[in-house]
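FYI, side chains are in, hydrogens and waters are out, and symmetry mates aren't considered; it's all heavy atoms of this structure.
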Amino acid sequence: MKEMANCLERKKVLLVPLDPVHDIGLKMIRRGLDEAGHQTMLLPPDLPPEEIVSIISRESPDQVLVSRTLGYGVAELLARFVDLTDAAGLRDKTTLVVGGMAIRPELAAELGFDAGFGPGTSVDEVVAFIEGRTYKPDAEISRKEKVDLAARYSYEYRHPAIARLLEGIVDGILAWAEGKTSPGIKRARLRDEAWDVEAWRQGKSDSNFNDAYGALCDPVAEAFYRKGEVHPKTRRQSKEEIARLEDYLTSVEKSMTVRLLQHREGQPKVFIQYGTGCPFMDIAHIKVCEAWGADGVVHFDPSWGARTEGFIGDFLTHQEDGSVITPENLSRIKAALETSTLWQVRAHRGLNTPETVVLAGKLGADLTKINIAYGALAAGTDPARLTVDGVEAIRMAVKYNLPFDVVTNEELAGVPAHKAFAGMLIVAALARRLGGRPLLQPLFAFSPEVMISGQMRDNYIDFNAAKIEALRAIIDAPIWPGAPIGFLTQTEDRVQSSMTTSLHAALAASLRVDAVSIASSDEAYSGGPIVAASRVDTLRAVAEGFRFFGEGRVEPTKKASQWATEIVDKIEAVLRAVAAAPSFPEALYAGLLGSKEEGAYPGRAGRGTVTEE
């Protein structure tokens, strides 16, 4: 409850709509001032300045709040009003404040007003100014806390036949992986058991660890531990760059406030992906996104990092897309995050999959990302290698209490939803057997599958809704559409891109999913660096979509349920074929979870590196 001003603190405020018609803003401010116990007087619109000055002389208010919307000659009109109050000898007796769409604090000062408020000013902010106190946003409104996306789910199966198939496939995966190892597993276990993260944070070097680790790496990574050489596409950040980063963070922390994107409780959490190549730029983008309401951030690493045996170290920037995973890079990014921000470090593909989970866990990540099927069929890693590494990665995720999403971006290659979902559900079932907490991440976009098959000729709603309905018919698990939503539906036009993302986010909110991943408005077609303004475009659009629908819903047609049933039936058929295969890797090689004709090619990185322990 707001405290009311006492008689000694009560202000007399004259509200002046210096405008032909618009006085809505002043009416809202008047209500706030009245509720706070102040004495107010609201004039009608379109009074001449001379008459207003006469009223000020007669009423002797403490404050005069002038409102003016856009229009020609605004500056001249406001300047003349200030001159008239000067001529009447009123400037020493009252405070003049101006607000409106055309106003900025700099313009108000230039015109002679004591203060100016522009678009986005809240009633509480104006009341605080009238009362002579510093405005502090309502802590209950702006407060954000981390959430556990998996907390409220039982992971109980709702489809007995699919449950039996999944359990049998998981039995086969664990039996096949038993007793097998790889260089990636050896590095992960070494990092887990021998790397003292606290000593590392204190700058202590461990030559024994470095020697043992370097021996498990390929020549590029080994050269870092033997000779101090970094990857040829990277460079170390200079001391001057690091100092500027620290100055930047100090400055941001003094002025930054964190917004809420969601209009109603229960609307999806919103994640953005970063990976500019430069940790300094990553942090700057993250801070912009946090300020505009992003709930989580996802670390995107470079493609060569997925095909290199071993991680290097140091605070590094590099020349291409994605940001290098090093302990230093991750640690600095983590330190820059707001306490409410969920941080995910991806580990769903590549030769360092299990070790990525270990680094994520030791350096304080909240989430990771693992999917054997996607990494083996659309991200370049050999199916046998990623199967054995994936089992280890899940075990490490369990050890470090990291929920992880199981992404299905095979659809970007043209793999049908039912095959992508079958692979996702197999990994989720494997995770549950090992004690993990998986999050299902269906693609929410105009994907190659629907471009070919035509499920979105009429609308973008039904097939996306069908995916959610199908998954919920199979298992009680968290759902986090991505990655990102609207991808490939967007064009190079920033307005269209933002609108498309907003509509997909509104659909996701209507379907009551747990989270969404979004791209910036120039990300899909960027011809150069992704700019911070495009991040803000999309975040603001999503917030507006959430606000527009509130508790309302988007209503799919009957076609959504028909497609959902079809997807479930086809998932069951795919799982039967996988269960009949000699092994899970053989099922991947054979194209049962995505064929070459569908754009899914078994990866080659790491082929022949799985050995017996």
Side-chain angles (χ1 to χ4, degrees), residues 145-171 173-174 262 264-269 271 295-296 342 344 348 357 361 366-373 390-391 393-408 417-418 420-442 444 464-483 508-517 553 560-561 564-565 567-569 571-572 574-575 578-579:
E145 296 179 354
K146 281 184 182 178
V147 297
D148 183 345
L149 297 176
R152 63 189 181 92
Y153 291 93
S154 67
Y155 290 97
E156 292 180 358
Y157 289 109
R158 294 165 173 160
H159 193 294
I162 286 179
R164 287 191 294 272
L165 287 167
L166 288 171
E167 292 306 312
I169 293 169
V170 168
D171 287 340
I173 292 172
L174 293 175
Q262 295 76 15
R264 305 286 295 183
E265 187 176 349
Q267 289 181 324
K269 300 300 178 185
F271 286 76
D295 303 289
L342 289 161
Q344 182 186 55
H348 68 295
V357 177
D366 303 287
L367 301 152
T368 187
K369 179 189 294 282
I370 305 169
N371 190 352
I372 299 169
V391 171
I394 292 171
R395 288 190 169 119
M396 290 297 181
V398 173
K399 179 174 182 176
Y400 287 97
N401 193 29
L402 292 175
F404 61 91
D405 78 79
V406 189
V407 67
T408 58
H418 64 276
F421 285 10
M424 173 176 63
L425 289 166
I426 289 168
V427 176
L430 176 62
R432 290 303 297 160
R433 178 73 66 84
L434 297 174
R437 295 189 292 155
L439 298 93
L440 308 180
Q441 191 167 99
F444 226 58
N464 284 324
K467 293 177 181 181
I468 307 304
E469 185 176 336
L471 292 173
R472 285 178 172 154
I474 294 170
I475 189 171
D476 177 43
I479 299 178
W480 170 3
S510 175
L511 296 170
R512 304 300 194 257
V513 302
D514 300 278
V516 294
S517 294
R553 293 199 178 209
S561 291
T565 300
I567 290 171
V568 172
D569 291 342
I571 288 172
E572 183 177 354
V574 170
L575 292 176
V578 173

If you round to the nearest 0.5 Å, how far is [atom2] of [Y] from [atom1] of [X]?
X      : Y      : atom1 : atom2 : value
Phe444 : Ile468 : CZ    : CD1   : 5.0 Å
Ile475 : Arg158 : CD1   : CZ    : 9.0 Å
Asn401 : Leu367 : CG    : CG    : 10.0 Å
Leu430 : Glu167 : CG    : CD    : 10.0 Å
Leu149 : Ile479 : CG    : CD1   : 12.0 Å
Met424 : Ile571 : CE    : CD1   : 7.0 Å

Using a 4.5 Å cut-off on heavy atoms from C-beta on, say whether the side chain of [Y] contacts that of [X].
X      : Y      : answer
Val170 : Leu434 : no
Asn464 : Leu511 : no
Leu575 : Ile426 : yes
Val516 : Gln267 : no
Asp366 : Leu402 : no
Pro438 : Val427 : no
Ile474 : Phe421 : no
Arg437 : Tyr155 : yes

Would the distance check show the side chain of [X] and the main-chain N or O of [Y] forming a donor-acceptor pair, the cut-off being under 3.5 Å?
X      : Y      : value
Asp476 : Tyr153 : no
Arg432 : Gly436 : yes
Gln441 : Val406 : no

**OP:** Please name the residue in the list Gln262, Lys269, Lys146 that meets the side-chain hydrogen bond (donor to acceptor under 3.5 Å, both in side chains) test with Asp295.
**Re:**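 Testing each of Gln262, Lys269, Lys146 against Asp295, the sole residue satisfying side-chain hydrogen bond (donor to acceptor under 3.5 Å, both in side chains) is Gln262.
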
Which heavy atom of [X] sits nearest a heavy atom of [Y], and at what distance?
X      : Y      : result
Ile394 : Ala431 : CG2-CA, 3.8 Å
Thr408 : Pro442 : OG1-CA, 3.3 Å
Gly435 : Val398 : C-CG2, 3.5 Å
Val357 : Ala397 : CG1-N, 3.4 Å
Ala560 : Ala465 : CB-CB, 4.3 Å
Pro403 : Leu439 : CB-CD1, 3.8 Å

Subject >> Residues Thr565, Glu469; criterion side-chain contact (heavy atoms from CB on, under 4.5 Å); working and verdict >> reply: CA-CA 9 Å; Thr565 300; Glu469 185 176 336; 5.6 Å; no

Subject >> Counterpart residues, side-chain contact (heavy atoms from CB on, under 4.5 Å), relative to Ala470 (two or more places apart) >> reply: Ala564, Ile567, Val568

